[in-house]
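For reference, the structure is listed below as structure tokens.
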Protein chains: 2
Amino acid sequence: MADHQLTRNQNLVLDALSHADAPLSAYTILDKLRDHGFRAPLQVYRALEKLLEFGLVHRLESINAFVACAHRHDHAHEHGVTAFTICEDCGNVTELCDSVIEERLSFLATQQKFKTEKTTIEIRGHCQTCAAA
Amino acid sequence: MADHQLTRNQNLVLDALSHADAPLSAYTILDKLRDHGFRAPLQVYRALEKLLEFGLVHRLESINAFVACAHRHDHAHEHGVTAFTICEDCGNVTELCDSVIEERLSFLATQQKFKTEKTTIEIRGHCQTCAAA
DNA sequence: TGCCACACGTTATAGCATAACGCAATTGAT
DNA sequence: ATCAATTGCGTTATGCTATAACGTGTGGCA
Ligand SMILES: [Zn+2]
Ligand SMILES: [Zn+2]
Ligand SMILES: [Zn+2]
Ligand SMILES: [Zn+2]
């Protein structure tokens, strides 16, 4: 994976996600970028589509929202299966890459001759900070 | 978990899901039940809410759809973390309960002092039958 | 009887995502 | 240089998913 040259819109969307302290919905991103000329949802969704393709952004299926990838993308780096913890109080998200999970899921799929395309693991609950409060 | 006495609407929704050979969206369920007097989405969503609570139905977050639980509910039976395989061609869904996955995710969460409320694992791809074709 | 809890029905609205059209800029042959 | 193909962009309209808010009816129970 080379470093992709992003378009203006893609950069704006990625910046919005990078500076957010919680996942953002597409429509929230749209609102944040109205001052930069964004007017319609498709402008956001088209940028997100590419950013997802490049691995710079992740989609959180269980909350219909998006986050910037927490990993560095300077070097060629593809991560495999990722589990996300999502705090339902503060929105904090962490990415967990674990080979035990990855291999076990791979084994379970193989066992039933299932050909995996994409795996989603999302753990919703309360982060350390919020659980303490 | 005792055997819950379901209402008419809940039974209709559960039947629709039980007899389907693929996950159904709430609106698809609504259409299937129009002949039985269903007129509005809320009738479906309210039934689903209870069925999810009773563990008789699962929600597939990654495709905004619902399936009847594949396990028997005659006896008291709560399943823990479940991974779903979802065939993108035929819609076939299987439920995988695996203690290795469950314990590993529990360990990972504990490690970062995250308090888990609900875990979603969904593997999308192609089932044995469809992958062969 | 009066109260409460719960399921239900209806209308309206909110929130998430894509279809379809046309235009403009870029690229990469010929 | 020119043409064709690709890609991104902007706009309008539409479709799909989910919930808010209000009112009704029924059964259990003090
Ligand atoms: Zn990442
Ligand atoms: Zn938190
Ligand atoms: Zn189940
Ligand atoms: Zn299949």
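Keep in mind the model is a prediction, meaning the values are calculated, not measured. Chain naming here is simple, since letters A, B, ... match the order of the sequence lines and numbering starts at 1 in each.
- Partners of A:Ser62 under the side-chain hydrogen bond (donor to acceptor under 3.5 Å, both in side chains) rule, at least two apart in sequence or in another chain, are A:Glu122, A:Arg124.
- Take B:Arg39 and apply the side-chain contact (heavy atoms from CB on, under 4.5 Å) test, not counting sequence neighbours, and it matches B:Gln43.
- In terms of the side-chain hydrogen bond (donor to acceptor under 3.5 Å, both in side chains) criterion, residue partners of B:Gln112 (sequence neighbours excluded) are, by chain and number, A:Thr85, A:Thr94.
- Sorted by first then second residue, the salt bridge (charged side-chain N to carboxylate O under 4.0 Å, His left out) pairs that include residues 7-27 of chain B, not counting sequence neighbours, number zero.
- With sequence neighbours excluded, the residues forming a side-chain contact (heavy atoms from CB on, under 4.5 Å) with A:Thr7 are A:Asn9, A:Gln10, listed by chain and number.
- Looking only at side-chain heavy atoms (C-beta outward), B:Cys90 and B:Thr129 stay at 4.5 Å or farther from each other.
- The 5' end of DNA chain C is approached more closely, in terms of each residue's nearest nucleotide, by B:Thr7 than by the other of B:Thr7 and B:Ala40.
- Grouped with B:Val100 in a hydrophobic cluster is no other residue, since no side-chain heavy-atom contact under 4.5 Å to another Ile, Leu, Val, Met, Phe, Trp or Tyr is found.
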Just by protein heavy atoms under 4.0 Å, how would nucleotides 14-19 of chain D read 5' to 3' in B, S and -? ---BBB
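- Residues that satisfy the side-chain hydrogen bond (donor to acceptor under 3.5 Å, both in side chains) test with A:Asn11, not counting sequence neighbours, are absent from this structure.
- Distances shorter than 4.0 Å separate none of the side-chain N or O atoms of A:Gln43 from OP1 or OP2 on D:dC9.
- Partners of A:Glu95 according to the side-chain contact (heavy atoms from CB on, under 4.5 Å) rule, which considers only residues two or more places apart in sequence or in another chain, are A:His58, A:Cys69, A:Ala70, A:His71, A:His79, A:Thr82, A:Phe84.
- Of the residues in residues 82-92 of chain B, not one places a heavy atom less than 4.0 Å from an atom of DNA chain D.
- Distance CZ (A:Arg46) to P (D:dT7): 14 Å, rounded to an integer number of Å.
- Considering only residues two or more places apart in sequence or on other chains, B:Leu42 meets the side-chain contact (heavy atoms from CB on, under 4.5 Å) condition with B:Tyr45, B:Arg46.
- Counting 5' to 3', DNA chain C first comes under 4.0 angstrom of a heavy atom of chain B and last does so at the ends given by C:dA7 to C:dT11.
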